[in-house]
A.B. asks: 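Provided herewith is a single structure, encoded as structure tokens, for subsequent inquiry.
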Amino acid sequence: MADSITLNNGHRIPQVALGTSRISAEKLDVSIKLALDMGYRHIDTAFHYVNEGAIGKALQEYFETTNLKGEEVFITTKLLPHFMTESAVGPALDESLRRLRLDHVDLFLIHGP
């Protein structure tokens, strides 16, 4: 199996991601950093998981203490269905970006459409 696939826009997405929905809050920091050390380059989270802030902190610390750059890690997060109005999508994304300490995510999905 290939490590990643090419999307129709030319961007590549790693096929294996660290899913963070069931990682306990006390293990999240070490789990993110260990996954990155092991070569994971795709982190999957969601507003609903209530862990974007901890993930953002772990990512920022990792990027500051290693040679890995943010653009080398593919980040997926998800929009809750009750934010699916024209006026709510932008602010919901902005809040996820603030918590993740990022200026963009690579994939923004609707969570349970």
Side-chain angles (χ1 to χ4, degrees):
M1 174 172 47
D3 291 342
S4 62
I5 57 173
T6 302
L7 302 173
N8 63 359
N9 63 2
H11 293 276
R12 298 187 64 75
I13 180 172
Q15 289 198 55
V16 176
L18 176 68
T20 62
S21 68
R22 304 209 192 277
I23 301 174
S24 66
E26 56 274 356
K27 293 181 181 177
L28 193 57
D29 183 76
V30 70
S31 296
I32 294 291
K33 293 172 181 175
L34 182 59
L36 293 170
D37 282 345
M38 293 176 60
Y40 278 75
R41 293 299 179 262
H42 186 175
I43 307 294
D44 178 271
T45 186
F47 184 99
H48 180 71
Y49 304 162
V50 193
N51 64 10
E52 290 174 324
I55 291 171
K57 181 179 179 290
L59 289 172
Q60 183 179 36
E61 289 173 357
Y62 195 87
F63 296 148
E64 289 174 351
T65 59
T66 68
N67 292 326
L68 189 67
K69 308 243 183 291
E71 56 270 10
E72 296 176 89
V73 180
F74 194 98
I75 304 294
T76 297
T77 195
K78 301 171 198 81
L79 176 75
L80 283 175
H82 67 267
F83 291 123
M84 285 182 22
T85 65
E86 189 173 341
S87 62
V89 172
L93 175 58
D94 289 341
E95 180 60 20
S96 287
L97 292 173
R98 184 190 66 75
R99 288 191 243 180
L100 290 165
R101 303 180 187 197
L102 299 171
D103 61 5
H104 76 281
V105 292
D106 299 286
L107 186 59
F108 190 50
L109 300 171
I110 299 169
H111 203 163

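Please read these numbers as outputs of a predicted model, since none were measured by experiment.
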A.B. asks: I'd like to know whether the aromatic ring centres of F83 and H111 sit less than 6.0 Å apart in this structure.
C.D. replies: no
A.B. asks: Please round to the nearest 0.5 Å and tell me the distance separating atom CG of L107 and atom CG of L7.
C.D. replies: 8.0 Å
A.B. asks: H42 and side chain to side chain contact (heavy atoms under 4.5 Å, CB included): which single residue from D3, T76, L18 fits?
C.D. replies: T76
A.B. asks: F108 and side chain to side chain contact (heavy atoms under 4.5 Å, CB included): which partner among L97, I75, T77?
C.D. replies: T77
A.B. asks: With rounding to the nearest 0.5 angstrom, report the CG to CD distance, L100 to E95.
C.D. replies: 9.5 Å
A.B. asks: Between K33 and D29, does any side-chain N to carboxylate O distance fall below 4.0 Å?
C.D. replies: yes
A.B. asks: Looking at residues at least two apart in the chain, or sitting in another chain, which of them share a ring-ring contact (aromatic ring centres under 6.0 Å, His included) with Y40?
C.D. replies: none
A.B. asks: Donor-acceptor check, side chain of N51 to backbone of T20, threshold 3.5 angstrom: yes or no?
C.D. replies: yes
A.B. asks: Taking V50 as the starting point, is it possible to reach I23 by hopping between hydrophobic residues whose side chains are less than 4.5 Å apart?
C.D. replies: no
A.B. asks: Which pairs, with at least one residue in residues 3-25 and sequence neighbours excluded, count as a ring-ring contact (aromatic ring centres under 6.0 Å, His included)?
C.D. replies: none
A.B. asks: Are V16 and L59 grouped together when hydrophobic residues (ILVMFWY) are joined by side-chain heavy atoms under 4.5 angstrom apart?
C.D. replies: yes
A.B. asks: With rounding to the nearest 0.5 Å, note down the distance linking CG in L28 to NZ in K57.
C.D. replies: 10.5 Å
A.B. asks: Grouping I, L, V, M, F, W and Y whenever their side-chain heavy atoms are under 4.5 Å apart, do V89 and L80 come out in a common cluster?
C.D. replies: yes
A.B. asks: Is there a donor-acceptor contact under 3.5 Å from the side chain of R41 to the main chain of L36?
C.D. replies: yes
A.B. asks: Heavy-atom distance under 4.5 Å between the side chains of L68 and F63, does that happen here?
C.D. replies: yes
A.B. asks: For the residue pair T45 and E52, confirm or rule out a side-chain donor-acceptor distance under 3.5 Å.
C.D. replies: no
A.B. asks: Can you establish whether the number of heavy atoms outside N9 located under 6.0 Å from its atom CG is more than 12?
C.D. replies: yes
A.B. asks: Using the test ring-ring contact (aromatic ring centres under 6.0 Å, His included), find all partners of Y62 that sit at least two apart in sequence or belong to another chain.
C.D. replies: none
A.B. asks: Same hydrophobic cluster for Y49 and V105, using side-chain heavy-atom links shorter than 4.5 Å among ILVMFWY?
C.D. replies: no
A.B. asks: Between I55 and R99, is any pair of side-chain heavy atoms under 4.5 Å apart?
C.D. replies: no
A.B. asks: Determine whether L93 and I110 fall in the same hydrophobic cluster, where Ile, Leu, Val, Met, Phe, Trp and Tyr are linked whenever their side-chain heavy atoms lie under 4.5 Å apart.
C.D. replies: yes
